[in-house]
Amino acid sequence: MNFRVIGFIPPIIGTEGEFNTFRLGGFYHKNLSIGETVLLLNEKEKMVFGRATVQRIGFGKLGEMLALHAATNHTEIGNDSETASERLGETIRRIYGPHIATPNKKTTVIFMKRTE
């Protein structure tokens with residue numbers, strides 16, 4: 001059986017239970033299905049650390065997605081939800097670069113539930 005892989009950059013936190021992850025662009029929006037099982041990959045170690053089921057997929061502009069869904073992102077679970085969008089936005093700009101991670105950049109939010 002072939003599984004789609006979703007990579008995470010260490011430190012990997014908040015990937016137990018239900019969580020979401022943000023991905024710039026529309027690849028995952030177009031290619032994932034609700035109910036699909038995905039493998040969670042540690043990008044540094046190149047090792048699978050778990051599986052999750054896709055519960056929901058959101059798509060829109062980065063700024064709007066941050067406002068709506070940052071508080072349930074795997075890096076923000078347990079933090080102050082009122083400032084989650086600012087913190088997560090900064091993390092995304094650090095990963096992708098501020099010239100790419102602009103407020104109007106199309107963004108996919110993948111909502112998952114860890115299964116193993």
Side-chain angles (χ1 to χ4, degrees):
M1 185 174 229
N2 290 334
F3 293 104
R4 195 161 316 275
V5 175
I6 299 179
F8 293 82
I9 300 168
I12 298 168
I13 57 172
T15 59
E16 300 298 325
E18 294 186 19
F19 62 96
N20 74 45
T21 187
F22 279 57
R23 302 301 153 125
L24 296 190
F27 175 82
Y28 288 102
H29 172 69
K30 294 175 190 166
N31 293 290
L32 277 181
S33 302
I34 294 170
E36 184 174 348
T37 297
V38 295
L39 299 178
L40 309 177
L41 178 75
N42 177 323
E43 289 283 4
K44 183 176 181 186
E45 305 288 330
K46 299 297 184 203
M47 292 186 61
V48 171
F49 65 89
R51 292 181 189 206
T53 301
V54 177
Q55 304 288 302
R56 186 162 60 109
I57 302 166
F59 185 71
K61 295 177 181 178
L62 177 59
E64 294 168 358
M65 295 293 101
L66 285 168
L68 292 170
H69 306 299
T72 56
N73 179 266
H74 67 97
T75 64
E76 290 299 327
I77 292 172
N79 293 332
D80 178 14
S81 62
E82 289 187 23
T83 54
S85 63
E86 290 85 17
R87 279 191 309 276
L88 182 56
E90 181 56 37
T91 299
I92 291 171
R93 283 187 291 280
R94 201 169 48 249
I95 292 168
Y96 291 96
H99 57 293
I100 294 173
T102 62
N104 289 326
K105 180 73 175 181
K106 294 295 183 192
T107 302
T108 303
V109 183
I110 308 160
F111 298 84
M112 295 178 267
K113 184 174 184 176
R114 183 83 174 259
T115 56
E116 65 178 74

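- Between Asn20 atom CG and Thr72 atom OG1 the span is 4.0 Å, to the nearest 0.5 Å.
- In this structure, Leu41 is a member of the same hydrophobic cluster as Leu39, with clusters built from ILVMFWY side-chain heavy atoms closer than 4.5 Å.
- Residues Leu40 and Arg114 are in side-chain contact: their nearest non-hydrogen atoms beyond the backbone lie under 4.5 Å apart.
- When hydrophobic clusters are built by joining Ile, Leu, Val, Met, Phe, Trp and Tyr residues whose side-chain heavy atoms come closer than 4.5 Å, directly or via intermediates, Ile57 is not grouped with Val109.
- Tracing side-chain contacts under 4.5 Å through hydrophobic residues (I, L, V, M, F, W, Y), one reaches Leu62 starting from Ile9; they form part of the same cluster.
- Closest of all the heavy-atom pairs between Gly58 and Met65 is C-SD, 4.3 Å.
- Checked by atom type, the side-chain pair Thr102/Asn104 shows no donor-acceptor distance below 3.5 Å.
- With a 4.5 Å cut-off on side-chain heavy atoms, Tyr28 and Ile6 count as touching.
- For the pair Lys113 and Gln55, the tightest heavy-atom approach, listed with the atom from each and the gap, is CB-NE2, 3.6 Å.
- Cluster annotation: Ile100 and Ile95 are assigned to the same hydrophobic cluster (Ile/Leu/Val/Met/Phe/Trp/Tyr, side-chain heavy-atom contacts under 4.5 Å, transitive).
- In this structure, Ser33 and Val54 have side chains that are not in contact, with every pair of non-hydrogen atoms separated by 4.5 Å or more.
- Contacts classified as salt bridge (Lys or Arg N to Asp or Glu O under 4.0 Å) and involving residues 17-27 (residues at least two apart or in different chains) are not found.
- The minimum heavy-atom distance between Gly14 and Ile77, with the atom names listed, is O-CD1, 4.0 Å.
- The hydrophobic cluster around Phe59 extends to none of the other residues, as no ILVMFWY side-chain heavy atom falls under 4.5 Å of it.
- Both Leu24 and Leu68 sit in one connected hydrophobic cluster of ILVMFWY residues. Membership requires side-chain heavy atoms under 4.5 Å apart, directly or through other members.
- Side chains of Arg51 and Phe3 form a contact here, defined as non-hydrogen atoms less than 4.5 Å apart.
- Side-chain contact between Thr107 and Ile92 is absent, with no heavy-atom pair separated by less than 4.5 Å.
- Ring pair Phe111/His69: centre-to-centre distance below 6.0 Å.
- From Arg4, atom CZ reaches atom CG of Asn31 across 5.0 Å, with rounding to the nearest 0.5 Å.
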Can you list the steps and then say if Arg87 with Glu90 is a salt bridge (charged side-chain N to carboxylate O under 4.0 Å, His left out)? CA-CA 5 Å; Arg87 279 191 309 276; Glu90 181 56 37; over 6 Å; no

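- Separation of atoms CZ (Phe22) and NZ (Lys105) is listed at 15.0 Å; rounding is to 0.5 Å.
- A donor-acceptor pair is defined here as one N or O able to donate and one able to accept, closer than 3.5 Å; such a pair exists between the side chain of Thr108 and the backbone of Gly25.
- Checked against ring pair (Phe, Tyr, Trp, His ring centres under 6.0 Å), Phe8 has the following partners two or more places apart in sequence or in another chain: Phe49, His74.
- Within the model, atoms CG of Asn73 and CD1 of Ile110 stand 10.5 Å from one another, a figure rounded to the nearest 0.5 Å.
- Distance CZ/Phe27 to CG/Leu32: 7.5 Å, rounded to 0.5 Å.
- Considering all non-hydrogen atoms of both residues, Arg93 and Ala101 come closest at CG-O, 3.7 Å.
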